[in-house]
**Student:** 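Below: one structure in structure tokens.
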Amino acid sequence: MRYIKHTSASICNKVQSYSSDDFRLVSARYPVSVTDYYASLIKRPDDPIWKQCMPDLLELEDTAQDPDPLDESALSPVPGLIHRYPDRVVLLVSNRCPVHCRFCMRKRLVGSGDVQMSNDAFYKIVEYIAVHSEIHDVILSGGDPLMLDDASLKTILTELRTIPHVAIIRIGTRVPVTLPSRITPELSALLQEFHPLYINTHFNHPDEITPDSTTACTFLADAGIPLGNQTVLLKGVNDSLETMRCLMTGLLALRVRPYYLHQMDLVQGTAHFRTSVRKGLEIIKGLRGHISGLAIPHYVIDLAGGKGKVALLPDDVTINGSTLLIRTYTGELITYRDISEKEEE
Ligand SMILES: *Cc1c(COP(=O)(O)O)cnc(C)c1O
């Protein structure tokens with residue numbers, strides 16, 4: 001498998017206020033990469049774009065959290081594959097990304113040595129999926145799968161499509177946000193050959209909705225690819241109701257359907273991005289009923305130890321036998337009579 005050629009920005013001119021010693025110290029442990037395009041979205045130091053891509057000494061201070069809290073390595077039956085849920089698997093087809101997000105859940109892998117998946121490793125994965133007929137949903141992840149060149153992507157998708165029980169293929173990618181020029185009509189036409197194929201992208205802030213990222217999403221949506229979005233709830237970046245309303249409704253207008261709002265994973269080097277779960281629930285409460293239901297993601301925590309994702313909801317119902325007291329989006333309390341256990345029989 002081969003990667004596309006691309007150059008990451010020389011960010012130093014954007015970073016005058018940043019001491020280069022600190023920069024080097026952090027990047028020696030957690031490599032830095034930013035595209036020219038993504039760096040161009042920075043309006044001032046410490047703004048939401050800056051915080052997502054610029055190294056911070058706080059990354060080194062977090063030594064308490066685990067590099068792999070979700071136990072992904074333990075759930076890997078063959079290298080490059082995570083099989084946690086019975087019917088779906090994640091393929092780590094690339095360990096490259098255009099931008100190294102400072103809050104990355106796979107901080108332990110990304111940028112480390114830039115290894116390419118060998119054909120041998122890939123065919124072992126295909127073999128595993130082929131003999132596990134319970135697998136219906138294959139998720140390409142990484143790194144960013146769209147860092148592979150078109151020919152490599154075509155090989156991967158063609159091989160997966162030879163397995164009859166693989167019903168859907170998903171690609172998880174932040175490329176529409178960080179390197180939108182990678183999304184060409186040619187790439188979209190290639191992906192279109194492998195339907196049903198879904199893409200989940202990763203916008204975290206309204207400032208990432210630009211003419212370029214809009215064009216990228218338009219190419220994909222016009223190729224009939226259903227687009228979803230996974231946002232990570234990040235302190236100082238998007239942990240406000242106003243920002244989230246703007247982001248989620250903005251995405252819908254791009255034909256991108258908000259899918260998940262992720263509580264931060266407890267990954268080493270990212271603790272300074274954590275918000276409380278209270279905050280996340282408050283945001284969901286402030287979205288539901290106030291904006292289009294299509295714009296509302298599920299708020300999920302991916303539990304440590306590979307226990308899986310659990311959706312959390314604000315507590316809006318008090319159950320008292322068959323009488324329910326339900327709180328509406330405006331805060332009004334309404335009584336709802338449920339059928340009783342007797343009536344249910
Ligand atoms: C998130 C995840 C999936 C996909 O979960 P969905 O809820 O179906 O989107 C599959 N496998 C692993 C290991 C995951 O972390």
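Atoms within each ligand, like the ligands themselves, are counted from 1 in listed order.
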**Student:** Counting from 1, what ligand 1 atoms have a heavy atom of I139 closer than 4.0 Å?
**Tutor:**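 Counting atoms of ligand 1 from 1, those under 4.0 Å from I139 are 3 (C), 4 (C), 10 (C).
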**Student:** Examine the side chains of S240 and T243 and answer whether a donor and an acceptor come within less than 3.5 Å of each other.
**Tutor:**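 A pair is found: one side chain offers a donor N or O, the other an acceptor, under 3.5 Å apart.
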**Student:** Can you classify the ring geometry of Y128 versus H132 as parallel (below 30°), tilted (30 to 60°) or perpendicular (above 60°)?
**Tutor:**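 Rings of Y128 and H132: parallel, as their planes differ by under 30°.
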**Student:** Looking only at distances, can you tell me whether any N or O atom of Y260, backbone or side chain, sits closer than 3.5 Å to an N or O atom of ligand 1?
**Tutor:**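 Yes.
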**Student:** Before signing off on this row, confirm whether D137 and ligand 1 have an N or O atom pair separated by under 3.5 Å.
**Tutor:**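 No - when backbone and side-chain N and O of D137 are compared with those of ligand 1, no distance drops under 3.5 Å.
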**Student:** With a 6.0 Å cut-off on ring centres, are Y329 and H290 close enough?
**Tutor:**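 Yes, the ring of Y329 comes within the 6.0 Å limit of the ring of H290, centre to centre.
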**Student:** Report, in ascending order of atom number, the atoms of ligand 1 lying under 4.0 Å from any heavy atom of R88.
**Tutor:**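 Answer, ordered by atom number: 4 (C), 5 (O), 6 (P), 7 (O), 8 (O).
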**Student:** Are D222 and R255 ion-paired here, with the side-chain N under 4.0 Å from a carboxylate O?
**Tutor:**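 Salt bridge: yes.
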**Student:** Can a side-chain donor-acceptor contact be found between S73 and D68 if the only test is distance below 3.5 angstrom?
**Tutor:**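 The criterion, which ignores hydrogens and geometry beyond distance, is satisfied for S73 and D68.
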**Student:** Which option, D302, V90, N200, owns the non-hydrogen atom nearest atom 12 (C) of ligand 1?
**Tutor:**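 It is V90 whose heavy atom sits nearest to atom 12 (C) of ligand 1.
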**Student:** Give the residue and atom name of whichever protein heavy atom lies nearest to atom 15 (O) of ligand 1, and the separation in Å to one decimal.
**Tutor:**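 For atom 15 (O) of ligand 1, the nearest protein heavy atom comes out as K309 NZ, 2.9 Å.
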**Student:** Side-chain donor-acceptor pair under 3.5 Å between D144 and T173, yes or no?
**Tutor:**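 Result is yes, a qualifying pair exists.
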**Student:** R170 heavy atoms, cut-off 4.0 Å: which ligand 1 atoms fall inside?
**Tutor:**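 Contacts of ligand 1 toward R170, numbered from 1: 4 (C), 6 (P), 8 (O), 9 (O).
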**Student:** Looking only at the side chains, is there a donor atom on one of S152 and T155 sitting less than 3.5 Å from an acceptor on the other?
**Tutor:**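 Distance-only check fails for S152 and T155.
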**Student:** In the structure I gave you, are the side-chain heavy atoms of M248 and F203 within less than 4.5 Å of one another anywhere?
**Tutor:**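 M248 vs F203: side chains apart.
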**Student:** Any nitrogen or oxygen of E72, main chain or side chain, under 3.5 Å from a nitrogen or oxygen of ligand 1?
**Tutor:**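 The answer is no, given that E72 and ligand 1 share no N or O pair closer than 3.5 Å.
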**Student:** For atom 10 (C) of ligand 1, what is the closest protein heavy atom, and at what distance to 0.1 Å?
**Tutor:**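 So the nearest neighbour among protein heavy atoms is Y85 CD1, 3.5 Å.
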**Student:** Short list, please: which atoms of ligand 1 are under 4.0 Å from a heavy atom of Y259?
**Tutor:**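 Heavy-atom distances to Y259 below 4.0 Å select 6 (P), 7 (O), 8 (O), 9 (O).
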**Student:** Which atoms of ligand 1 sit under 4.0 Å from any heavy atom of I82?
**Tutor:**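 Near I82, the atoms of ligand 1 are 13 (C).
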